[in-house]
Amino acid sequence: MSLREAAVSRTFIQGMPKAELHIHIEGSLEPELMFEIAGRNGVSLRYASVEEARRAYDFSDLQSFLDLYYEGMQVLLNERDFYDLTWAYLQRASAQNVRHAEIFFDPQAHTDRGVPFETVITGIRRALEDGEQQLGISSELIMCFLRHLSAEAAMETLHSSLPFWKWIVAVGLDSSEVGHPPEDFKAVFDEARKHGLLTVAHAGEEGPPEYIWQALDDLKVARIDHGVRCVEDPKLVERLREEQIPLTVCPLSNVKLRVFDSIQDHDLKRMLDLGLCVTVNSDDPAYFGGYIDENFEAAREGLGLSRDDIYRLVKNSFQASFLSAAKKQRLLRELDDYFASRLTGRLR
Ligand code: ADE
Ligand code: ZN
C-alpha cells in the first residue's frame with residue numbers, strides 16, 4: 001500500500017483529532033440503552049428486541065425518522081437518563097478521538113411530556129463536565145427549537161431557559177423542515193442574539209435554498225446545519241463561499257433519509273471543490289448507522305476523498321467551532337502534527 005493510501009486508512013481517520021459540530025444528543029440513543037432505561041423507568045416500547053428496533057430504522061424521508069426519534073426519546077425521564085445518554089455519546093466520541101463536540105438538545109421534546117427543563121439540562125451538563133475531566137473532550141451545548149411547533153412556543157422555551165444560559169452557547173432550529181421556514185422564527189432568534197447567544201439553523205436539508213437565505217439574513221446564523229441543497233442556487237453558493245459560512249454536513253444521515261440516493265451521489269466532494277467551508281458530522285448516529293468516523297469512512301470510500309480533502313474537512317470543523325481563538329490554534333496545531341507525523345512516520 002502506498003503512503004498516500006495508508007494516510008487515509010480507517011486507523012488514520014480514527015486517530016485524527018477532530019471536532020463534531022452537528023450531533024443531536026437524543027439521536028445518539030442506541031437501542032441497547034433505550035431498552036435499559038425503558039426497563040428501569042417502566043416504559044413500554046413498541047419493539048420486542050434491540051434487533052427489532054434496528055430493523056425498524058429504515059426511513060423514507062426526514063419525517064419518517066422524526067416519528068421514531070421522538071418516540072424513542074420518551075424513555076428519558078430522569079436526570080440520570082440524560083446523564084447516561086450523554087456519557088454514552090462522549091465515550092464513543094472519545095474512542096474516535098473527538099476532541100471537541102457542539103451538541104444539540106431538543107428541550108421541547110421533553111418539556112412537552114412533562115419532564116422539567118432543569119432535569120434535561122442538568123443531566124446533560126453533568127456528563128459534559130465529566131467528559132471534559134475524564135475524557136479530555138471539550139464541549140458546548142446548542143438548544144434547538146422544534147420548528148413544527150410555533151414561534152411563540154420557541155420564545156417561551158427561550159425565556160424559561162434563562163437560568164441556564166451560562167451552559168448554552170447558541171440556539172438552533174430543527175425538526176420537520178418543509179413548510180416551516182426560518183423566517184417564522186426571526187423574533188426568537190433576535191431575542192437570543194440580544195442576550196449574547198449565537199445562532200445556527202438546519203436549512204437546505206430537505207427544504208429549498210430559499211430557507212438557507214432566510215437562515216443567513218433573518219436568523220443571522222453563524223453556521224448552516226446540512227445546507228446541501230445550496231448547490232441548486234449559484235448565487236447562494238457564491239455567498240456561502242465568499243463569507244466562508246460553515247456547513248455541517250452529515251453524509252450517512254443524508255443517505256438514510258434519502259436526500260441522496262447513495263453515498264456515491266452525495267455532493268460533499270463537489271461542495272469542497274466549490275470552495276465551501278464543509279464539515280463532516282453524524283447527526284443522529286444511533287439511527288443512521290455510524291458516528292463521526294463512520295461518516296468520514298463512508299465519504300472517503302464512496303467519494304474517493306483524498307488525504308487533502310480529509311485534512312480540509314477536519315480543519316474546517318475546528319475553525320467553524322465556537323471555541324476561543326487560542327483553543328482553535330491548539331487543536332489546529334495538533335491536527336497539523338498528526339498529519340505531518342503520519343507522513344514522515346515520526347510518531348509511528
Ligand atoms: N432532529 C434530529 N435530527 C434531525 C435532522 N436530521 N433534521 C432535522 N431535525 C432533526
Ligand atoms: Zn441535525
Side-chain angles (χ1 to χ4, degrees), residues 19-30 34 57-74 76 82 85-86 89 93 101-110 112 120 124 140-149 153-154 157 170-182 184-185 199-208 211-212 214-215 219 221-230 246-260 266 268 278-292 294-295 298 317 320:
E20 175 145 65
L21 306 179
H22 185 157
I23 156 81
H24 301 262
I25 201 63
E26 297 91 343
S28 71
L29 179 58
E30 293 286 346
M34 188 191 293
Y57 297 171
D58 180 23
F59 309 113
S60 52
D61 56 12
L62 174 59
Q63 193 59 51
S64 65
F65 154 69
L66 289 171
D67 292 343
L68 295 197
Y69 168 78
Y70 293 123
E71 189 177 319
M73 69 176 78
Q74 289 180 18
L76 305 168
F82 290 93
L85 170 71
T86 309
Y89 165 72
E102 300 192 352
I103 299 176
F104 296 130
F105 72 116
D106 283 334
Q108 291 163 292
H110 311 298
D112 283 6
V120 177
I124 295 173
E140 296 287 359
L141 260 186
I142 301 175
M143 176 172 74
C144 283
F145 302 117
L146 300 182
R147 67 201 310 162
H148 70 271
L149 302 178
T157 300
V171 296
L173 189 65
D174 65 2
S175 197
S176 323
E177 187 182 6
V178 175
H180 303 286
D184 291 355
F185 295 85
T199 60
V200 298
H202 283 54
E205 178 186 15
E206 283 188 345
Y211 285 16
I212 302 177
Q214 289 179 19
L219 307 188
V221 295
R223 301 193 293 249
I224 297 285
D225 297 312
H226 294 292
V228 290
R229 287 195 59 192
C230 71
L247 305 169
T248 63
V249 174
C250 308
L252 288 175
S253 164
N254 293 152
V255 175
K256 280 292 264 183
L257 303 189
R258 315 234 185 136
V259 173
F260 296 96
H266 199 289
L268 177 77
V278 187
T279 67
V280 165
N281 307 273
S282 69
D283 207 6
D284 301 284
Y287 292 89
F288 299 152
Y291 288 74
I292 193 166
E294 287 77 21
N295 275 272
S317 69

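As the structure lists them, so they are numbered: ligands from 1, and atoms in each ligand from 1. FYI, side chains are in, hydrogens and waters are out, and symmetry mates aren't considered; it's all heavy atoms of this structure.
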(Q) For ligand 1 and D284, I'd like to know whether there is a polar contact (N/O to N/O, distance under 3.5 Å). (A) yes
message = What I want to know is whether S253 and ligand 1 share at least one N or O pair that is separated by under 3.5 angstrom.
response = no
* **Geometric class of the F104/H202 ring pair [parallel <30°, tilted 30-60°, perpendicular >60°]** => tilted
Q.
Using 30° and 60° as the class boundaries, would you call the ring planes of Y69 and H24 parallel, tilted or perpendicular?
A. perpendicular
- Query: Non-hydrogen atoms of L66 versus ligand 1: any pair closer than 4.0 Å?
  - Reply: yes
(request) May I have the step-by-step check of side chain to side chain contact (heavy atoms under 4.5 Å, CB included) for T157 and M143, ending in yes or no? (result) CA-CA 10 Å; T157 300; M143 176 172 74; 4.3 Å; yes
The closest protein heavy-atom partner of atom 1 (N) of ligand 1 is H24 CE1, 3.5 Å
Short version for E177: what comes under 4.0 Å of ligand 1, heavy atoms counted, is neither
Measuring from the heavy atoms of E26, does anything fall under 4.0 Å of ligand 1? no
Check whether any side-chain heavy atom of F59 lies under 4.5 Å from a side-chain heavy atom of R258, and answer yes or no. no
Honestly, for F104 the part within reach of ligand 1 (heavy atoms, under 4.0 Å) is neither
Filtering E205, K256, H22 for the heavy atom nearest atom 5 (C) of ligand 1 leaves E205
* At the 4.0 Å heavy-atom cut-off, does G27 count as touching ligand 1? -> no
Numbered in order shown, the ligand 1 atoms found under 4.0 Å of a heavy atom of H226 are 6 (N)
For this session: Fit a plane to each ring of Y57 and Y287, take the angle between them on a 0 to 90° scale, and name the class: parallel (under 30°), tilted (30 to 60°) or perpendicular (over 60°).
Result: tilted
If we number the atoms of ligand 1 from 1 as shown, the ones under 4.0 Å from a heavy atom of F65 are 2 (C), 3 (N)
Shell check on the Zn ion (ligand 2): protein N, O or S atoms less than 2.8 Å away are H22 NE2, H24 NE2, H202 NE2, D283 OD1
Which of L173, D112, D174 passes side-chain contact (heavy atoms from CB on, under 4.5 Å) with L146? Answer is D174
Nearest non-hydrogen protein atom to atom 9 (N) of ligand 1, with distance, is S175 N, 2.8 Å
**Asked** Just by distance, with hydrogens left out, do N295 and S282 show a side-chain donor and acceptor under 3.5 Å apart?
**Response** no
Result for ring pair (Phe, Tyr, Trp, His ring centres under 6.0 Å) between H110 and one of F105, Y70, F82 points to F82
Nearest non-hydrogen protein atom to atom 6 (N) of ligand 1, with distance, is D283 OD2, 2.7 Å
